[in-house]
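See structure below.
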Amino acid sequence: LLPAVTSARLIESNFYLPQDDPRKKKRSRKLEKSSKEFKYAMRKLELNDVTYRLNYGPDLDSGGEAQQLVIHTAIKNRGNGNNDIDGIDKITSRVRIKTIDDYDTMYARLKRYIPIPYSQDISDAAFGEDRLTIKGHHRLLRVTDLDIDLSLHESKVVGVCDNSLEAMVATGKLYKEDYAFASKYNDKRRPQKYTPSVIGYFCVTKEEKFMPLAINVLDNGLIYSPYDEEQDWLLAKMSLNTAGINVQMFDHFVHSHLLLEPIRVALHRQISTRHPLYNLMEHHFTGIFVLTRIGFKLLLSSDLTVDNIFGWGASGAAKYLEDELPTAPFTGYKQQIKLQGLDDIPNFKLRDDGITMWDALESFVTGFLIIYYPDTSSLIYDNEIQNWAAESCKYQSDFPCSFESVPQLAQTIVNIIFRISVLHHAWNSDVTWHVNAYPYSIASMNHPLPTRKGSIINFMDYMHPLSDLQDSVRLYARFYRPMDSKYTTLIDSYNDCNFGRKLRKVVSRHQNKLRKIDLNINNRERQNKRPFEFLKPSRLPHSAW
């Protein structure tokens with residue numbers, strides 16, 4: 001029964017807008033059935049006697065198509081992971097960590113299975129570059145009004161940035177990575193581990209490098225700079241990394257998982273399988289429902305690895321999700337970049353590759369849509385698409401409540417596909433392995449911060465307990481996953497889709513464009529010791545996984 005029901009829902013050979021379908025009555029009956037089968041349920045999480053209300057998703061406890069769809073997806077994706085975990089476990093179980101340098105030895109041994117993580121390099125140049133690649137997300141902002149005294153003599157500012165603070169603010173060349181809120185979500189049951197509240201300041205030099213200028217650690221009230229003693233500056237950079245790890249992990253859960261769930265439920269309730277957009281959207285939505293259930297177990301369960309090693313723990317992360325979801329915006333990537341003031345930072349590879357992918361998706365989706373919507377009236381009279389919009393905007397306030405033009409619909413669909421495929425994997429994929437690295441880029445600090453500069457610092461005191469070493473390395477290594485199926489990647493996955501004859505040329509042009517993007521990134525990164533290739537179409541799965 002399961003394969004039959006699932007294939008009937010997912011595969012159609014003929015596609016029609018509802019107003020053009022010769023089988024309107026049968027279509028209507030099937031859609032009415034799906035609307036009853038797919039119901040909304042508020043996702044709640046119980047942790048340590050506290051109930052957290054998160055998002056509206058599918059009701060998976062009452063049976064029906066929604067439950068069958070999740071089971072089918074789980075079975076299909078079973079075993080999709082890093083096949084070298086056993087070898088990695090064997091090495092981490094045997095490694096002996098007594099000094100900070102021993103972590104270098106561990107990664108050198110692991111190299112036979114997995115690359116040395118980029119965050120192992122804690123130099124100022126690499127620390128700045130990380131903000132434009134593996135750690136470049138929407139907490140980075142242009143500074144338009146410096147509201148704090150960084151306690152730096154002007155000559156020291158010029159020594160790092162080739163410019164004065166006043167000039168940088170005036171010309172838009174000073175930026176901040178803001179986690180002033182981070183300590184609010186610390187795990188109150190285990191105060192020995194924590195995430196500090198911290199703000200990092202960065203500038204663009206004449207050589208177009210993105211360099212750290214100062215780090216304000218709010219927890220101890222100290223502002224650090226590259227001119228401080230090496231250990232003090234290292235601890236400040238570690239503090240910013242720790243806050244960023246916690247926020248990046250759970251921002252990804254908000255913006256490329258939970259926010260999209262009610263939109264997918266509305267799709268199943270309002271759009272027929274005979275609609276041309278149904279297969280396109282479902283192709284990309286594939287992993288959304290099932291991965292939320294997996295994510296809750298992996299990331300938000302008591303006494304598992306995330307709960308044990310992240311400063312926030314499961315309860316702090318759940319509270320963060322509860323706070324963020326009601327106001328999380330459905331803003332397009334290019335618009336978000338402008339809102340953050342990041343549109344003219346040089347060598348911002350994450351932004352540049354992201355925009356390239358957005359433009360490619362926009363071209364493809366527009367070509368897809370104009371075949372079925374040659375004019376605005378055909379869109380206006382598509383009651384299924386309009387009903388999808390009307391229902392989705394009840395759960396995501398800035399989702400369009402109606403579609404008044406084909407470009408507006410195209411932007412919405414691109415936004416969804418981009419979040420699932422590109423944004424998700426910019427935050428949570430191979431990148432996760434590279435973001436988390438002993439000793440200076442870990443998910444919690446495990447010793448109180450000094451109250452003054454110049455104190456003796458033993459960085460081993462700040463590490464996760466050694467009893468958690470194997471679990472922590474295994475957790476991050478699980479995100480380093482191969483593309484085992486030729487139908488997994490964004491380039492080739494459409495070969496496994498039935499869009500009908502009308503779309504063959506559109507799909508072929510899109511695939512050729514993606515191959516050119518792949519080649520361009522290969523050429524750009526050929527000589528790079530830390531190549532940023534994570535947004536190559538050949539490394540982007542078509543759905544969240």
Side-chain angles (χ1 to χ4, degrees), residues 97-104 107 117-131 134-135 139 148-152 156-157 159-160 176-187 190-203 210-248 309-312 435-466 468-469 472:
I97 303 292
K98 294 183 179 180
T99 71
I100 288 296
D101 292 340
D102 291 336
Y103 290 109
D104 295 339
Y107 286 119
Y118 289 174
S119 290
Q120 261 268 291
D121 186 346
I122 195 65
S123 67
D124 284 2
F127 189 75
E129 183 183 340
D130 283 349
R131 271 68 205 165
I134 59 174
K135 298 177 182 177
R139 301 294 174 174
I148 185 173
D149 180 4
L150 295 181
S151 303
L152 283 174
K156 292 185 176 180
V157 176
V160 174
K176 66 178 179 180
E177 188 175 348
D178 192 345
Y179 305 116
F181 58 87
S183 63
K184 172 183 175 182
Y185 297 101
N186 280 333
D187 186 351
R190 287 179 279 192
Q192 72 276 11
K193 67 179 178 71
Y194 63 94
T195 298
S197 288
V198 58
I199 305 172
Y201 293 87
F202 296 82
C203 59
F210 199 71
M211 298 295 288
L213 171 63
I215 296 175
N216 180 13
V217 180
L218 280 69
D219 289 29
N220 64 4
L222 298 177
I223 299 176
Y224 299 86
S225 81
Y227 294 98
D228 288 326
E229 292 184 20
E230 182 181 5
Q231 288 200 327
D232 285 332
W233 182 229
L234 271 176
L235 188 66
K237 289 191 284 187
M238 180 181 178
S239 299
L240 192 69
N241 279 338
T242 295
I245 286 168
N246 283 260
V247 174
Q248 183 163 328
I309 68 170
F310 274 60
W312 287 356
V435 164
N436 296 273
Y438 289 97
Y440 303 115
S441 191
I442 60 176
S444 66
M445 302 180 75
N446 294 270
H447 186 77
L449 290 164
T451 57
R452 58 182 177 83
K453 296 180 183 180
S455 301
I456 296 174
I457 298 172
N458 182 352
F459 282 98
M460 286 299 295
D461 293 339
Y462 288 87
M463 298 299 104
H464 302 314
L466 292 177
D468 291 322
L469 177 67
S472 65

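When a residue number appears, it is its place in the shown sequence, counting from 1.
Using a 4.5 Å heavy-atom cutoff, the side chains of Ile134 and Ser119 are in contact. Taking the side chain as every heavy atom from C-beta outward, Ile456 and Gln231 never approach each other to under 4.5 Å. Considering only heavy atoms from C-beta on, Val198 stays 4.5 Å or farther from Glu177 through its side chain.
A distance-only check finds no donor-acceptor pair linking the side chain of Lys135 to the backbone of Gly244 [under 3.5 Å]. The backbone N or O of Thr195 sits less than 3.5 Å from a side-chain atom of Asn186, completing a donor-acceptor pair. Side chain of Asn220 to main chain of Arg452: no donor-acceptor pair is present (N/O by atom type, distance under 3.5 Å, no hydrogens or angles).
Between Phe202 and Phe127, the ring planes are parallel. Angles under 30° get that label, and only those over 60° would be called perpendicular.
Asp468 CG to Ile309 CD1: the interatomic distance, rounded to the nearest 0.5 Å, is 7.0 Å.
For Tyr179, there are no ring pair (Phe, Tyr, Trp, His ring centres under 6.0 Å) partners at least two apart in sequence or on another chain. Every residue meeting the side chain to side chain contact (heavy atoms under 4.5 Å, CB included) condition with Asn458, not counting sequence neighbours, appears here in chain and number order: Met460, Asp461. For Tyr185, the side chain to side chain donor-acceptor pair (under 3.5 Å) criterion is met by Asp323, not counting sequence neighbours. With sequence neighbours excluded, the residues that form a side chain to side chain contact (heavy atoms under 4.5 Å, CB included) with Leu466 are Ile97, Tyr103. Under the side chain to side chain contact (heavy atoms under 4.5 Å, CB included) criterion, Ser123 pairs with Asp121, Ala125, Ala126, not counting sequence neighbours.
The stretch residues 214-229 participates, sequence neighbours left out, in these salt bridge (charged side-chain N to carboxylate O under 4.0 Å, His left out) pairs: Asp228-Lys453.
With Met445 as the fixed residue, the side-chain contact (heavy atoms from CB on, under 4.5 Å) test singles out one of Lys193, Met238, Met463, Gln192: Met238.
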